[in-house]
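Everything on this sheet refers to the single structure shown next.
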Amino acid sequence: MTPPKSVTVRFPDGTEHRFAKDTVLSEMLTRTKPPWKEPPVALKVNGTVLGLGQPLSDAASETDPFVIEPVFFASPEGQEIYRHSSAHIMAQAVKELFPSVKLAIGPPIEDGFYYDFDLGRPFTPEDIEKIERRMKEIAAAHYVFERKALSKQNAIRFFEEKGETYKVELIRDLPEDEVITVYEQGPFTDLCRGPHVLSTRHVAAFKLLTAAGAYWRGDERNPMLQRIYGTSFPTQEALDAHLKRLEEIKRRDHRRLGKDLDLYNVMDEIGPGLVIWHPNGALIRKLIEDFWREQHLLHGYDFVYSPHIARLDLWKRSGHLDFYRENMYTPMSIDGIDYELKPMNCPFHIMVYKSHLRSYRDLPLRYAELGTVYRYERSGVLHGLLRVRGFTQDDAHLFCRPDQIEQEILKVLDLTVFTLKTFGFDDYEIYVSTRPEKSVGSMENWEHATAALESALKTKGMAYRIDPGEGVFYGPKIDLKIKDVLGRSWQCTTVQVDFNLPDRFNLSYIGEDGKEHQPIMIHRALMGSIERFFGVLIEHYAGAFPLWLAPVQVKVMPITDQQHAYADEVAGELTRSGLRVETDRRNEKIGLKIREAEKAKTPYMVILGAREVQRRKLSVRKRSGDNVGELDIPSFIERLNNEVVKKSV
RNA sequence: GCCGGCGUAGCUCAGUGGUAGAGCAGCUGAUUCGUAAUCAGCAGGUCGUCGGUUCAAUCCCGACCGCCGGCUCCA
């Protein structure tokens, strides 16, 4: 046997060492002691991420010297490995406690991991506790994650013998010549590509969070498995910080804040997914809508209004009945004719277009409407304001000539960025969805329109990702997603080119050449749905709406009833200057009044005692707790009006 | 829609096979007070709905409705 070749290894600090190629990475680290503040989760060897239990020779490529980079927990790769190992520990615990369980998959996810099990019954909260306790024992047992390679045949046989039918199904889907790897940790073996941490003891702090049903491979025709979610961190402190963040997320939940701040309600008596806006929420909505209208007038839109129902024939012609049926409600019969609740506004806007003969000189036409639509959503997906059955789109339809597409998209992007920025959203993801398999419209049209979308984004310097084949059947689109505090992405803005409706409704304009041409139609919504946008806004601001949106902007608080006359005078002046003011005339201590104004997240509190009356001043306190100090009435009004005009976030 | 958990006063929640409690909010009274809770009293509930078991159900069982966490889909 020839002795294993040795290689030169270079660390990030430039130091080089020689090692036999079969040296295991952990041993290499013990011998070289690199000056890292924390131990790495894994190492990158010539760019390949390897577990510390693997030898240098597992690197996918060889360079001279071998280049080593540490993979720390802080990196996405490090977290993936760490959480993946955590999932394996959970699987071992479950397998030991419930030997009949079948294992499905257990990947790391953002902020944690899960594992799907087929147990034949759900896990109870007590089960979860037991599993977590067992996991602690497994971690303490210091089982080493050992990597083994098997041929596909052997791997199938191995898991068949164990009765792990899901694993067998997974392996069968792998390519024929693929080398299958499994990881052994003590008595437990799992199919896994790896890599893993060195041993179970390296997973220091973890917590199981929830159990939920999940279909095998996410397909509802498949069996329902039991999923357990958990998370893990290298230290207890980091785990605690994460759990604290989860609490914070709960605190910002728009459903809780919606109730606390009396913004809106969804009531059993009215129906699921149907929102009533209470005065506070309605006022904020009105302000948002005012802003929207003002901006649309400035940007060359025309406003239109349309009814909530229309003849079924209209929806047949638009194609919604064919392509959108599962989201539409049952038609109602009126005087023997079927009518349908609208799931979209577009057919109405098209009818406005069709009400006249159009010249190329008329284009582009931009019809905008805050149009309320109704869509059937399965009961399980309804979620506060973020997913409802009746909602108002800030909808608009642009009709333009093919050569105007790009210019129109540019204008839409400008308005979008301005709108989102006004509400403090600077962070979003942009997707361009291209032609799906099943589509209408010529290839040429698709290419032209897709190029126009991309070119507009490039002109604006907006980074985007391509979602290949994810376009709607009728045209390419740009979607813009904002992230809420939970890290969930919500699609708000959407800009969609439509080759279908102009065709179905036989839209035309008379061109320069005196002949009929078909206009391009673009659907667009900036906030998407007012309900959803409002929900995201509540969480985004944690209920503390900026001054221009706050339902009550100033709370005037006399300390005793000796100051009531002055308080009324102050409140009157503020109100006349256009501010939304309330006076707390209750016979309560100032501490309580402040506490309640804080809870209501009122931006400014004006405190009036004998001192202020005497000096004709205001003591101003912000909801942040900042004491602004004494101001006279005109300078306070000026200060607030400035803030309102600027729409400061 | 599917899997699981939950549904008790306006809100947050406790509780029991013998028809229910707390805190906050509300009402009444006292207190006139300086930057996140003054004190006392009163009132408030067909225990989600319907059915079953039982001498007796808010509690046990079933169905339905809704909410919450997921699966899938979208604004």
Side-chain angles (χ1 to χ4, degrees), chain A residues 114 116 119 121-125 127-128 209-229 250 253 255-256 259-260 262 266-273 324 326-327 343-345 371 373 375-395 472 479-481 489-494 496 523-533 535-536 557-564 586-600 605-612 619-623 625-629:
Chain A
Y114 68 81
D116 284 346
L119 180 62
R121 67 163 178 89
F123 289 105
T124 64
D127 291 337
I128 303 288
L209 298 170
T210 50
Y215 298 103
W216 169 234
R217 297 188 154 180
D219 188 328
E220 63 188 46
R221 289 163 304 190
N222 285 338
M224 174 72 69
L225 306 173
Q226 299 304 320
R227 175 172 300 178
I228 302 177
Y229 285 93
K250 258 195 203 155
D253 191 308
R255 293 165 302 183
R256 165 180 287 272
K259 204 172 264 178
D260 289 352
D262 199 15
V266 180
M267 300 177 87
D268 205 1
E269 292 89 330
I270 296 169
Y324 209 68
E326 71 251 34
N327 286 293
M344 293 194 189
N345 301 303
V373 297
R375 300 182 184 173
Y376 173 72
E377 295 286 353
R378 303 204 289 179
S379 62
V381 304
L382 298 172
H383 182 92
L385 290 174
L386 300 182
R387 195 65 177 280
V388 293
R389 284 181 174 160
F391 59 97
T392 302
Q393 293 181 300
D394 66 319
D395 210 357
V472 208
D479 284 333
L480 206 140
K481 294 180 181 177
S489 286
W490 292 101
Q491 186 183 317
C492 289
T493 308
T494 181
Q496 312 184 346
H523 310 247
R524 49 112 280 196
L526 306 186
M527 299 181 278
S529 130
I530 304 281
E531 283 74 4
R532 169 175 298 177
F533 192 74
V536 175
M557 304 174 183
I559 289 177
T560 75
D561 52 17
Q562 298 298 303
Q563 292 86 40
H564 279 193
R586 291 175 307 166
N587 179 9
E588 294 289 355
K589 288 180 149 179
I590 197 67
L592 183 89
K593 294 183 182 182
I594 289 170
R595 174 180 157 82
E596 295 194 349
E598 283 285 346
K599 287 210 305 189
M605 286 160 242
V606 165
I607 293 152
L608 305 176
R611 215 161 52 220
E612 287 77 13
S619 270
V620 179
R621 180 191 200 277
K622 294 176 82 164
R623 65 182 162 203
D626 291 346
N627 197 341
V628 179

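Only this structure's heavy atoms are used, side chains among them; waters, hydrogens and symmetry mates stay out. Chain A is the first sequence line, chain B the second, and so forth, proteins listed ahead of strands; every chain is numbered from 1.
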Q) Hey, is the side chain of R532(A) pairing donor to acceptor with the base of C74(B) inside 3.5 Å? A) yes
Q. For the pair made of CE in M557(A) and P in G34(B), what is the distance, rounded to whole Å?
A. 15 Å
Q | Given G69(B), U35(B), A75(B), the nucleotide with the shortest approach to the side chain of R621(A) | A | U35(B)
Q: Could you tell me whether the side chain of R532(A) and the main chain of V388(A) form a donor-acceptor pair under 3.5 Å?
A: no
Q | Closest-nucleotide 5' rank along RNA chain B - winner of M527(A) and R389(A) | A | R389(A)
Q.
It should be established whether Q491(A) places a side-chain nitrogen or oxygen under 4.0 Å from OP1 or OP2 of nucleotide A75(B).
A. yes
Q) Reckon I559(A) touches a base, only the sugar-phosphate, or nothing at all at heavy-atom distances under 4.0 Å? A) base
(Q) Between T494(A) and Q496(A), is there a side-chain donor-acceptor contact under 3.5 Å, judged purely by atom types and distance? (A) yes
Q. What is the base-pairing partner of C39(B), counting Watson-Crick and G-U wobble geometry with both distances under 3.5 Å?
A. G29(B)
Q: Classify the nucleic acid contact of T493(A) as base, sugar-phosphate or nothing, counting any heavy atom under 4.0 Å across all strands shown.
A: nothing
Q. If you check every side-chain atom of A212(A), which of A36(B), G70(B), C71(B) has the closest atom?
A. G70(B)
Q.
Applying a 4.0 Å non-hydrogen cut-off, can you work out what Q562(A) is touching in the nucleic acid: base, sugar-phosphate, or nothing?
A. nothing
(Q) From C-beta outward on L592(A), which listed nucleotide comes closest to its side chain: U38(B), G66(B), G34(B)? (A) U38(B)
Q | Side-chain donor/acceptor of R387(A) to backbone N/O of L382(A), under 3.5 Å | A | no
Q. For atom C1', what is the distance between G17(B) and C61(B), given to the nearest Å?
A. 14 Å
Q: Would you indicate what V266(A) reaches in the nucleic acid, counting non-hydrogen atoms under 4.0 angstrom: base, sugar-phosphate, or nothing?
A: nothing
Q) How long is the line joining CG of D626(A) and P of A36(B), in whole Å? A) 12 Å
Q. 5'-most contact on RNA chain B: K259(A) or R623(A), nearest heavy atom basis?
A. K259(A)
Q) When the C1' atoms of U54(B) and G70(B) are considered, how many whole Å apart are they? A) 38 Å
Q. Do R255(A) and D253(A) pass the salt bridge (charged side-chain N to carboxylate O under 4.0 Å, His left out) test, and can you show the C-alpha distance, the side-chain angles, and the key distance before you say yes or no?
A. CA-CA 5 Å; R255(A) 293 165 302 183; D253(A) 191 308; 2.5 Å; yes
Q) So which nucleotide does U58(B) pair with, by the Watson-Crick or G-U wobble rule with both distances under 3.5 Å? A) none
Q) In whole Å, what separates the P atom of G62(B) from that of G5(B)? A) 11 Å
Q: Indicate, with a heavy-atom threshold strictly under 4.0 Å, whether G380(A) touches base, sugar-phosphate, or nothing.
A: base
(Q) Applying a 4.0 Å non-hydrogen cut-off, can you work out what E588(A) is touching in the nucleic acid: base, sugar-phosphate, or nothing? (A) base
Q: Just call it for G528(A): base, sugar-phosphate, or nothing, with non-hydrogen atoms closer than 4.0 Å on any strand.
A: sugar-phosphate
Q | Ion pair R621(A)/E598(A), N-O distance below 4.0 Å | A | yes
Q. What is the pairing partner of C24(B), taking Watson-Crick or G-U wobble pairs with both distances under 3.5 Å in any strand?
A. G10(B)
Q.
Taking C59(B) as the reference, what is the distance to G48(B) when you measure between their P atoms (whole Å, please)?
A. 8 Å
Q.
Considering every strand and a 4.0 Å limit on heavy-atom distances, what is the contact class for E269(A): base, sugar-phosphate, or nothing?
A. nothing
Q: Please state whether the phosphate of G69(B), meaning OP1 or OP2, lies under 4.0 angstrom from any side-chain nitrogen or oxygen of R255(A).
A: yes
Q: Report yes if at least one side-chain N or O of K589(A) is closer than 4.0 Å to OP1 or OP2 of C39(B); otherwise report no.
A: no
Q) Between A75(B) and R524(A), is there an OP1 or OP2 to side-chain N/O distance shorter than 4.0 Å? A) no
Q | Any side-chain heavy-atom pair of D394(A) and R524(A) under 4.5 Å | A | yes
Q) According to the 5.5 Å centroid and 30° plane-angle thresholds, does F391(A) stack upon the nucleobase of A75(B)? A) yes
(Q) A side-chain contact here means heavy atoms from C-beta on lying under 4.5 Å apart; do Q563(A) and M557(A) qualify? (A) no
(Q) Which nucleotide, if any, forms a Watson-Crick or G-U wobble pair with A63(B), using both distances under 3.5 Å? (A) U49(B)
Q) Distance check: side-chain N/O of R378(A) vs OP1/OP2 of C73(B), anything under 4.0 Å? A) no
(Q) Looking at H564(A), I'd like to know whether one of its side-chain N or O atoms comes within less than 4.0 Å of OP1 or OP2 on U32(B). (A) no
Q: May I ask you to evaluate whether S379(A) reaches the phosphate of G1(B), defined as a side-chain N or O under 4.0 Å from OP1 or OP2?
A: yes
Q: Grab the CG-P distance between D268(A) and U8(B) for me, whole Å please.
A: 12 Å
Q) For Y376(A) and G1(B), is the shortest distance between a side-chain N/O and OP1 or OP2 below 4.0 Å? A) yes
Q) Expressed in whole Å, how much space separates the C1' atoms belonging to G10(B) and G45(B)? A) 12 Å
Q. When we call it a touch if two heavy atoms are under 4.0 Å apart, what does F123(A) touch: a base, just sugar-phosphate, or nothing?
A. nothing
Q. Taking the P atom of each, how far is U8(B) from A43(B), in whole Å?
A. 24 Å
Q. With both distances under 3.5 angstrom, what nucleotide forms a Watson-Crick or G-U wobble pair with G1(B)?
A. C71(B)
Q: Select base, sugar-phosphate, or nothing to describe what I607(A) touches, counting heavy atoms under 4.0 Å on all strands.
A: base
(Q) Classify D561(A) by what it touches in the nucleic acid, base, sugar-phosphate, or nothing, heavy-atom distance under 4.0 Å. (A) base
(Q) Could you tell me how far G51(B) sits from C11(B) if I compare only their C1' atoms? Round to whole Å. (A) 31 Å
Q. Between the main-chain N or O of N327(A) and the side-chain N or O of R375(A), is there a donor-acceptor pair closer than 3.5 Å?
A. no
Q | Spacing between I594(A) atom CD1 and U38(B) atom P, to the nearest angstrom | A | 11 Å
Q: Give R227(A) one of three labels, base, sugar-phosphate or nothing, depending on what nucleic acid heavy atoms sit under 4.0 Å from its own.
A: sugar-phosphate
(Q) Quick check on R623(A): does its CZ atom have over 12 non-hydrogen neighbours (other residues, nucleotides or ligands) under 6.0 Å away? (A) yes
Q. Under 4.0 Å between a side-chain N/O of Y215(A) and OP1 or OP2 of G4(B), yes or no?
A. no
Q) Any idea which of U35(B), A25(B), G69(B) is nearest the E596(A) side chain? A) A25(B)
Q) What is the nucleic acid contact for A610(A), judged by heavy atoms within less than 4.0 Å: base, sugar-phosphate only, or nothing? A) base
Q: Could you work out the separation of U58(B) and U19(B) based on their C1' atoms and round it to a whole Å?
A: 8 Å
